[in-house]
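Chain letters run A, B, ... following the sequence lines, proteins first and then strands; every chain starts at 1.
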Amino acid sequence: MKYRKKILVIDDEKDVLTYLSTFFADNDFAVVCAENGREGLKRAISDSPDVITLDISMPEESGVKLLRELQSGESTRKIPVIVITGVSSDLKRFLDNRNQIHSPEGYFEKPVDRDLLLTKVKEILKAAKK
Amino acid sequence: MSESSTNPEQWDDGYEILFNSVPCYVTVIDRDFRIVRANDAFHDSFGYAPNIHCYEVYKHRDTKCRGCPAEKTFGDSKIHRSNQVGVGKKGQKIYYTVRTSALKDVRRNLTHVIEISNDVTPLRKLEERVRQAERLGAVGQTVAGLAHSIKNILMGLEGGKYIVSLGLEKNNKEMINQGWEMLERNFDKTTSLVKDFLSFSKGRLPRLEIVDPGKLVMEIVDLYKEVASRSSIELAPEIDDGVRSAPLDPSGIHTCLTNLVSNALDACLASDKKGTKVTIRVKEKKGVLIFQVEDNGSGIDYEIKKKIFTTFFTTKGGGGTGLGLLTTRKIIEEHGGTISVVSQSGKGARFEMHFPRKRLLELYRQSTRNSKGQPANSK
Ligand SMILES: Nc1ncnc2c1ncn2[C@@H]1O[C@H](COP(=O)(O)OP(=O)(O)O)[C@@H](O)[C@H]1O
Ligand SMILES: [Mg+2]
C-alpha cells in the first residue's frame, strides 16, 4: 500500500476546515484537523504531519504566535507551513518583516484557489523529500 | 455710589466704555425680561435689542425659555448658569454659556439681572468635527472587518459547492447534505451580514410612532419561541402593568430586541447548564421606559465585556457578525436612550435599554414638526 502524506489543517472557521479537509482527503492525503491554535500545536507534535496549513485571520497574537511556536519547537520546526489568511497582503509584509519569524513556505489569501493550493502542497512535499 | 450709577439705564461714560469692551456678551434685563442694556459684542452677534424681551433676541422665541437662569436669579438673588443655543442676527446658531447675577439698586431692591455669556460655538464645532472624524475612523475599520467576514463567507460557499459536487460525483448522500448545509449556512450569513451592515451604516433618524412596548415584546417572543423550545430554552415575557404607549421606531426596537434575544439564546446554548431561560421584560421607572433581556447562560468575561460594543467584535467565530450590539446601541442612542449590561462569567447576562420619556417626546415633537404636510413614511 502506498504511503499517504499527512496534512494538518488549522482553521477556526468550521466551514473552511470542512472544505479543506474534504478536499485534501479526496486528493489522497491523511487529514488531521484542528479548530484553534492550542489544539493545532498539540496535533503538530503528536501527529507529526508532513505539512501544515494555518489560518491566520487577523494579524493578532494567536495565529502569529502559533507560527512562531511551530517554527521554534523541537519536533515541529522542520514541518513546512502554508499560511492562509482572510486579511489582505499586509499580513505577508508583516510576517516577512518580523525577525523572530521565518517567512512561511506558502502564503494564500482567502478565498483560496484549491488547485493552486494543492499544487503548492505537492511542490513543498517534493522539495522536502530531497 | 450715586443712584444714577447703579441704575443701568443711566450709566455714565466710564461704565459704558468698560461695558462695551468686555469680550463676552453682556445684557441687563428688567423684571419683565426686557433688555435695557446690551454691549457691543452682543449687538454684533445678535443685533440691536433695546426694550425687546431677551428670549426674542437671544432665541427668536415668543415665550420665556424653560429653566431660565435669569428667572432663578430674580427669585433667589444668587448666581445661576446654563448652556444655551441661540440664534444670531444672520440666523446662525450660537452656542453660549450664560451666567446671571443680581443687580440691586441703592435700596437693595433687586430690579435687574445681568446676563454674561461666553460664546462656545467654535468649541462646539471642534467637538462636532472630532465626532465626525471618529465616525469616519469607524467606517474604515468597518470596511476592513467587512472584507474579512466576506472572505470567510466566500470560502464557505466555495467549500459547500465543492462538497456538493463531490458528493454527486461519488453518489454520497451524506456528503451532499453536508455541502448543502454549508451553502445554506453561508448564504444566511451573507443575508445577516448585509442586513446588519445596512442598518449600521444608515444613520437615519428614527421614525417614531406611538406604539405599545408590550406588543413589541410579544412579537419577539412569537418570533423566537419555536427556536428556543427546540433547544429547551424557556423564553418568558414579563410586561409590567404600568407600561404605557410610547413614541418609538418599531422596526428599530424590533432590531434591538432581536439582537439582544438572539445573543441571549446563543449564550444559553453555549453554556451546558440545564434549565436555561431568557426573560424579556418591559417596565417603567421614574419616567424612563426600560426593556431588559436577561439570560442565565454563559455570561461575559470582564475582559470581553470591554469589547462587546466595538465593530466586528465577536466570540462566535464565523457564526457571528460582531455588529449586533453596535447596531443596537446606535438605534438606542438615536432614540435618546442608553444601553447597559450587567454580567458575571458563568452566571448569565442582563442587557438593559433605557428610554427617558421626556426625550422620546421631544424627538417625537421634532419629527412631527419636520414632516408637517408629508406622510409620516416619506423621506
Ligand atoms: N447575552 C450574552 N451573553 C454572553 N455574551 C454575550 C451576550 N450578548 C453578547 N455577548 C458577547 O458579545 C459579543 C458581540 O455580540 P454581537 O455584537 O451581537 O455580535 P455577534 O452576536 O455577531 O457575535 C458576542 O460575540 C458575545 O461574546
Ligand atoms: Mg449578536
Side-chain angles (χ1 to χ4, degrees), chain A residues 7 9-29 31 33-40 53-64 66 82-94 107-118 121, chain B residues 140-190 193 269-270 303-304 307 310-322:
Chain A
I7 187 162
V9 182
I10 309 172
D11 203 307
D12 63 356
E13 202 69 33
K14 248 202 183 110
D15 286 340
V16 177
L17 200 62
T18 314
Y19 177 21
L20 293 181
S21 57
T22 311
F23 174 62
F24 285 121
D26 190 53
N27 281 281
D28 224 20
F29 281 82
V31 184
C33 295
E35 249 188 85
N36 55 53
R38 213 168 347 109
E39 203 187 316
T53 72
L54 166 64
D55 163 59
I56 298 182
S57 280
M58 293 283 177
E60 62 176 25
E61 269 303 42
S62 56
V64 177
L66 177 60
I82 297 174
V83 166
I84 295 178
T85 179
V87 269
S88 67
S89 43
D90 289 353
L91 181 71
K92 183 160 166 48
R93 218 179 319 125
F94 174 80
Y107 184 88
F108 285 85
E109 275 177 37
K110 289 181 182 177
V112 173
D113 181 327
R114 57 174 178 266
D115 295 322
L116 287 182
L117 179 63
L118 184 64
V121 169
Chain B
Q141 215 184 28
T142 303
V143 170
L146 194 65
H148 173 244
S149 306
I150 288 175
K151 283 176 188 169
N152 275 324
I153 291 173
L154 280 177
M155 215 159 150
L157 288 170
E158 188 67 42
K161 215 171 74 186
Y162 169 76
I163 292 174
V164 168
S165 59
L166 198 65
L168 288 172
E169 197 181 293
K170 295 184 190 299
N171 214 348
N172 180 336
K173 189 138 184 246
E174 206 178 311
M175 220 175 212
I176 297 174
N177 281 338
Q178 189 189 24
W180 185 250
E181 270 171 26
M182 263 168 86
L183 281 174
E184 269 184 342
R185 188 164 43 242
N186 286 281
F187 185 76
D188 287 350
K189 267 191 222 165
T190 322
L193 185 69
L269 286 175
E303 282 303 313
I304 292 195
K307 301 184 202 155
T310 53
T311 329
F312 290 107
F313 176 80
T314 178
T315 53
K316 298 171 192 166
T321 63

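- B:Leu166 contributes atom CG, which lies 7.5 Å from atom OG1 of A:Thr22 (distance to the nearest 0.5 angstrom).
- Using a 4.5 Å cut-off between heavy atoms, B:Glu181 does not touch chain A at all.
- A:Val112 places none of its side-chain heavy atoms less than 4.5 Å from the side chain of B:Glu158.
- We find the CE-CZ distance between B:Met155 and A:Arg114 to be 10.0 Å, quoted to the nearest 0.5 Å.
- Separating the OG1 atom in A:Thr18 from the CD1 atom in B:Ile163 is a distance of 6.0 Å, to the nearest 0.5 Å.
- A 6.0 Å sphere centred on CG of A:Asp115 holds more than 12 heavy atoms belonging to other residues, nucleotides or ligands.
- The structure places NZ of A:Lys110 at 11.0 Å from CG of B:Leu154, a figure rounded to the nearest 0.5 Å.
- Taking 4.5 Å as the limit, some side-chain heavy atom of B:Lys189 sits within range of a side-chain heavy atom of A:Asp15.
- Note on ring orientation: taking the six-membered ring where Trp is involved, the planes of B:Tyr162 and A:Tyr19 are tilted (angle from 30° to 60°).
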